[in-house]
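Bear in mind that the values here come from a model prediction, so they are computed numbers and not experimental data. A, B, ... follow the sequence lines: proteins, then strands. Residue 1 opens every chain.
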There are 2 protein chains.
Amino acid sequence: MIIHYKDKQYFTSKDLALSVIGGRWKIAIIWCLLHETPLRLSEIQKKLPDANQRMLIRQLRELEEDKIITRYVYPVVPPKVEYKLSEIGLLLEPVVTSICDFGDQFMQTIEKEPDPTSVD
Amino acid sequence: MIIHYKDKQYFTSKDLALSVIGGRWKIAIIWCLLHETPLRLSEIQKKLPDANQRMLIRQLRELEEDKIITRYVYPVVPPKVEYKLSEIGLLLEPVVTSICDFGDQFMQTIEKEPDPTSVD
DNA sequence: GTTCATAGTGACAAAAGAGTCAGTATTGCA
DNA sequence: TGCAATACTGACTCTTTTGTCACTATGAAC
């Protein structure tokens, strides 16, 4: 079974999923939107200060293209745009949660037994 | 809270988790090892024919470095090496499962409502 | 008329990641 | 002697992703 999506081929639905969530800031953005919704760009920026605006916008565009988030533009000046998770996007909650859980557990193991290559 | 790991800084445990599972073939390798274990390199290659050997070895090395998998070398000729998930690696089961589940659901939505940019 | 706020785009440079190809080692066997 | 099998490594290129900088638009407030 081959899945065609956005001019690419995926051999498993898992690969397709990874193409949707794979992006430097995507999981972080989804995490933010799971905790508080809707959010404006400027609010996401405050929550993710290490991502620059250009990157955030690109990631938001891709998530929107994949219908993971919705974008609502208020016809006002200065602009006001709200992002929220779509119905499909909400299905990512278990993914984000399990990644967070794993991260916590992994962190505990490296704290107990610090990696020799790590620098404190 | 800043986590130092392998000469890099992580601001959340989620980012740390993503650094561990982020790699073209890592989720696929872990998926294989969750279904059948242990596996030899040549067996993983058969299960992931699109990954070339060099890439698989690199991903396996990184997973080993992060203590997600263990590598056992039999002292025989020709070489025999077995890979299996470590105790920590097994904690990734919910991550892989939730990604697969999401992938399946996502696939259904794009089948129902095909994306205009996709090519069949 | 200038400035502010917000959300955005274009063009490019830098870095990271992925992929390719050729080569190594060991031992047994024909 | 030469080949087969398995698990690698080195060196390189190519591609993709990420990051950076400068720039736009609009209407209100001063």
Return yes if a side-chain donor-acceptor contact under 3.5 Å exists between B:S98 and B:D101, otherwise no.
no
Can you tell me if A:S42 touches the phosphate of C:dA5, counting only side-chain N or O atoms and a distance under 4.0 Å to OP1 or OP2?
no
Between A:I44 (CD1) and C:dT6 (C1'), how many Å, whole number?
13 Å
Interatomic distance, CD@A:E93 vs CG@A:L34, rounded to 0.5 Å, equals 6.0 Å
Identify whether any heavy atom of B:L41 sits under 4.0 Å from a base atom; if not, whether one sits that close to sugar-phosphate; answer base, sugar-phosphate or nothing.
sugar-phosphate
Mind checking whether A:Y72 and A:Y74 have parallel, tilted or perpendicular rings, split at 30° and 60°?
perpendicular
Describe the nucleic acid contact of A:R58 in one word from base, sugar-phosphate, nothing, applying a heavy-atom distance below 4.0 Å.
base
A:P79 vs A:W25, nearer the 5' end of DNA chain D by closest nucleotide:
A:W25
Please state how far atom CG in B:D7 lies from atom P in C:dA16, giving the value in whole angstrom units.
13 Å
For the pair made of CG in B:N52 and C1' in C:dG19, what is the distance, rounded to whole Å?
6 Å
In terms of side-chain heavy atoms of A:P78, which of D:dC8, C:dG8, C:dA5 is nearest?
C:dA5
Interatomic distance, A:L56 CG vs D:dT18 C1' [rounded to whole Å]:
12 Å
Can you check whether A:W25's main-chain N or O pairs, donor with acceptor, with A:Q59's side chain at less than 3.5 Å?
yes
Distance check needed: C:dA16 P versus A:M55 CE, whole Å only.
14 Å
Could you check whether A:Q45 gets within reach of a base, just the sugar-phosphate, or nothing at all, counting any heavy atom under 4.0 Å?
nothing
Parallel, tilted or perpendicular, as decided by the 30° and 60° cut-offs, for the rings of A:Y10 and A:Y5:
tilted
Looking only at C:dG8, D:dT6, D:dG27, the nucleotide nearest the A:V77 side chain is D:dG27
Checking all strands, does A:Y74 fall into the base, sugar-phosphate, or nothing category for heavy-atom contacts under 4.0 angstrom?
nothing
Interatomic distance where CG belongs to B:D15 and P belongs to D:dT18 [whole Å]:
13 Å
Can you figure out which of D:dC8, C:dG8, D:dA5 approaches the side chain of B:Y83 most closely?
D:dC8
Using whole Å, what does the distance between atom C1' of nucleotide C:dG17 and atom CG of B:L63 come to?
15 Å
Could you tell me whether A:R54 contacts a base, only the sugar-phosphate backbone, or nothing, with contacts defined as non-hydrogen atoms closer than 4.0 Å?
base
Side-chain N or O of B:R61 closer than 4.0 Å to phosphate OP1/OP2 of D:dC8
yes
Which part of the nucleic acid does A:Q59 contact within heavy-atom distance under 4.0 Å: base, sugar-phosphate only, or nothing?
sugar-phosphate
Over how many whole Å does the gap from B:R24 atom CZ to D:dT15 atom C1' extend?
13 Å
